[in-house]
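Numbers restart at 1 for each chain; the letters A, B, ... are given by sequence-line order, proteins then strands.
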Amino acid sequence: MESESYESYTDKTRVYDLKPLRTLKPVFPSGNHQAPPPFVCSPPFGPFPPGFSPFYPFTSSQPHTHQNTSSQPSLVTPLRSFRSPNNNNDDADPEEGCSTPKKRKIPKKRTPEKKNVNFESGITAAERENGNRKLVKSVLTRYEALRRRFSQLEDAREAVSGINKRADLKAGSTCMSRGVRTNAKKRPGVVPGVEIGDVFFFRFEMCLVGLHSPSMAGIDYLAVDEETTIATSVVSSGYYDNEEGDPDVLVYTGQGGGGNADKEKQTSDQKMERGNLALEKSLVRNSPVRVIRGLKEASQGGNKIYVYDGLYEVKESWMEKGKSGHNTFKYKLVRAPGQPPAFATWVAIQKWKAGLREGLILADLTSGVESIGVSLVNEVDEENGPGYFTYSTKVTYSESFNLTQPSLGCDCLSSSCRPGNLNCHCIRRNGGDYPYCGNGVLVSRKGMVYECSPSCPCSSCKNKVTQMGIKLKLEVFKTGNRGWGLRSWDPIRAGSFICIYAGEAKEKDQTIESDDYAFDTTRVYTSFRWNYEHGLADEVDSEEVSEEPEMPLPLVISAKNVGNVGRFMNHSCSPNVFWQPVSYESNGQLCLHVAFFAVSHIPPMTELTYDYGVTQPSEAQNGNALHGMRKCFCGSEYCRGSFG
DNA sequence: GCCCAGTCACGAGT
DNA sequence: CACTCGTGACTGGG
């Protein structure tokens, strides 16, 4: 019996015609465009250039990698021997007050940059030209890791305010110069490895994966012959005037004329040149144009995010007087049929948020325990909900549980608990780094994250991300073949906190047999690299450290009778969520829990999954396995077949 | 506390 | 080369 994919649960009783934005098996339009084939066939596991250890997705247990299975960093040679060209003059770096001489590195061996791009990025020249899913994911993961680290360093440097707060640009240009990019060859139509529904949080991300090259401009174009340029992609600004319009239509404003995106401040007529001319040619030639919708997302604090909405065709163009009275070009783009929904899902979710979600079994299965309701939906069959359990956001420890390690919080006075303040005990426990970016995004995966606690005097301190409950609009839904699952209405940014695993913490040997809702930290988890990548450690002024969780003692959390939404998250061999031990102090004692964070950006309505791990072989022999091996339905290319 | 307008400095591609 | 493009983080007022 083969596992069902998402596409196959088309039940007549279903109420919605909505699929997750990213279907497990990508669907591409089979339209009449002369688009390149959706994927470039390349061996899934290498060969990789010497020194490159593939780190995503989770390849360390794969037979073909030549990486040693131990968690030792692989043989990437002189980690700290490369400097980016723009850091050359940093000998003048004023490191005021800090007299540690460790930073003064010995002669910076810099081999000519061009020659070493391959070596440093692990991406070959061919792969930089044409990508695939794995490369796209890898580039985005590395960009994000670098950006988070730059952001963390910037936050800590509070002294000189106002200058260079753009970690996105810094990470972007670093990736560019190090060759951490793919699909650099411009093309119209499908970009290999980028899927409809993919979400982006920065312009540079789209630049690095070849979806849209200009770091700022809204129209990308390509010379097809000596005198013709055609448009390849447009990014809509997010101030769409046709709010209630057809989601398959985009009226796009041409570029130029000064002013900002909505052209209210336009200072001159637009000219038929560059992007405008290219769109005109695309209209004449019926060539496909990729559309990226810029959206103002309330769930992201009103920040703009970008959704790749697939291929469109330019159907009409005209000129009109803009709000400022100057000539403005307009282009009507219409979406090619047969593509999976992306922007349309956003539009639907806006209606749901206004209270129009149909087919709800429950609007809030937490009965108000969480500050944001968790909806319960079944679009698959008649089952009207999961078995009874008590909803709780906490981990409770049984009396016999021996977790009486004394622990200290910080003594920062109210809100002085700031990044870069090494007097803060909590920050010191994190190795001197504040573990989160300003918006609550986790910077690095590590053995243990230390948060401030309710009893720290720093009342408004933000270092309590995993203690504040869920912030996303989540939904428990019936899957086709894996029971109930969890997904989000909101797009989720890589490193965002999702929820903890609540339940009853037990010592390992107390656990009842056949508990399908147990989280067991003693299992074997596939290792993977999420932090800034090999070869870039010098860029972020940091040593490479282990990312693997380090628990002070074995812990099993049972959510069979008491738990939170964490108990509904299913297993996947290519998960989009990882777990991270977090501890904090409470009344002089250590509190420990397991928190879930997003691996990558996750589009709305995509099932959230993590790696359940494998029972240690020695225990399986002793019959201590909590439950037997279960068949895996994750459908991933890297599926191990079973788990448990 | 939230929304909005205004300010500022920035990089890739042509 | 000099220029074009518009962003993203922040700030202050309503």
Side-chain angles (χ1 to χ4, degrees), chain A residues 84-86 128 143-144 146-148 150-155 157-158 160-181 183-187 200-224 226-239 252-279 292-306 323 328-329 371 419 437-441 460 462 471 493:
Chain A
S84 98
N86 44 10
R128 282 204 305 278
Y143 169 79
E144 252 300 301
L146 203 53
R147 190 199 60 77
R148 290 191 306 267
F150 280 145
S151 180
Q152 182 182 53
L153 292 171
E154 202 60 57
D155 286 347
R157 203 175 0 235
E158 84 190 287
V160 199
S161 133
I163 61 155
N164 195 12
K165 285 281 186 188
R166 297 291 299 267
D168 59 321
L169 298 185
K170 199 173 173 191
S173 59
T174 304
C175 286
M176 279 285 175
S177 68
R178 296 303 186 98
V180 180
R181 61 183 304 187
N183 293 316
K185 194 188 87 182
K186 275 198 194 183
R187 73 204 74 204
F200 303 89
F201 286 74
F202 297 95
R203 290 288 300 258
F204 245 115
E205 295 177 311
M206 298 184 284
C207 195
L208 292 171
V209 300
L211 184 63
H212 186 84
S213 342
S215 57
M216 292 172 154
I219 307 171
D220 195 9
Y221 50 91
L222 168 71
V224 287
E226 302 241 317
E227 63 234 30
T228 315
T229 57
I230 56 165
T232 53
S233 51
V234 298
V235 179
S236 78
S237 66
Y239 307 101
Y252 191 82
T253 304
Q255 62 186 192
N260 57 13
D262 56 7
K263 299 294 174 203
E264 272 185 46
K265 302 247 174 68
Q266 191 174 342
T267 53
S268 61
D269 289 346
Q270 291 188 343
K271 299 193 189 91
M272 184 49 73
E273 57 182 22
R274 301 170 190 275
N276 300 341
L277 184 56
L279 278 168
I292 298 105
R293 300 268 190 167
L295 306 170
K296 275 201 146 186
E297 251 296 305
S299 69
Q300 304 296 323
N303 284 338
K304 204 187 281 183
I305 72 164
Y306 301 95
K323 288 172 183 166
T328 309
F329 293 111
S371 55
C437 296
N439 50 17
V441 167
S460 63
K462 293 282 200 304
K471 294 278 183 274
R493 191 163 167 169

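Under the salt bridge (charged side-chain N to carboxylate O under 4.0 Å, His left out) criterion, E144(A) pairs with R147(A), R148(A), sequence neighbours left out.
Along DNA chain B, the nucleotide closest to G301(A) and the one closest to A217(A) are compared, and the more 5′ of them pairs with G301(A). Nearest-nucleotide mapping onto DNA chain C: of Y306(A) and G275(A), the residue sitting toward the 5' end is G275(A).
Whole-Å rounding puts the H212(A) NE2 to dC5(C) C1' distance at 10 Å. For the pair I305(A) CD1 and dG8(C) P, the computed distance is 11 Å after rounding to whole Å. In this entry the distance linking CD of Q255(A) with P of dT4(C) reads 11 Å, nearest Å. One atom, CZ of R147(A), and another, P of dT7(C), lie 17 Å apart when rounded to the nearest Å. F150(A) places its CZ atom 17 Å from the C1' atom of dG8(C), with the value rounded to the nearest Å. For N276(A) and dT4(C), the CG to C1' distance is 12 Å, given to the nearest whole Å. Atom P of nucleotide dG11(B) and atom CG of L208(A) are separated by 14 Å, given to the nearest angstrom. One interatomic measurement links the two molecules: NZ of K170(A) to P of dA9(B), which rounds to 17 Å at whole-angstrom precision.
Across all strands shown, G438(A) has no heavy atoms under 4.0 Å from either base or sugar-phosphate atoms.
Side-chain contact check for Q300(A) versus F201(A): some heavy-atom pair is nearer than 4.5 Å. Looking at heavy atoms from C-beta onward, I219(A) lies in side-chain contact with N276(A) at the 4.5 angstrom threshold.
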Dump the pairs, protein N or O against N or O of nucleotides 12-14 of chain B, anything under 3.5 Å, distances to one decimal.
{"unit_1": "dT14(B)", "atom_1": "OP1", "unit_2": "K186(A)", "atom_2": "NZ", "d": "2.8"}

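No donor-acceptor distance shorter than 3.5 angstrom exists from the side chain of E154(A) to the backbone of A167(A), with no hydrogens or angles considered. R203(A) places a side-chain N or O within donor-acceptor distance of the main-chain N or O of A217(A), the cut-off being under 3.5 Å. Remark: side-chain polar atoms of Q255(A) are paired, donor with acceptor, to backbone N or O of G275(A) under 3.5 angstrom.
Between K304(A) and the phosphate of dG8(C), there is no side-chain N or O to OP1/OP2 separation shorter than 4.0 Å.
Across all non-hydrogen atoms, the minimal contact from Y143(A) to L208(A) is CD1-CD1, 3.4 Å.
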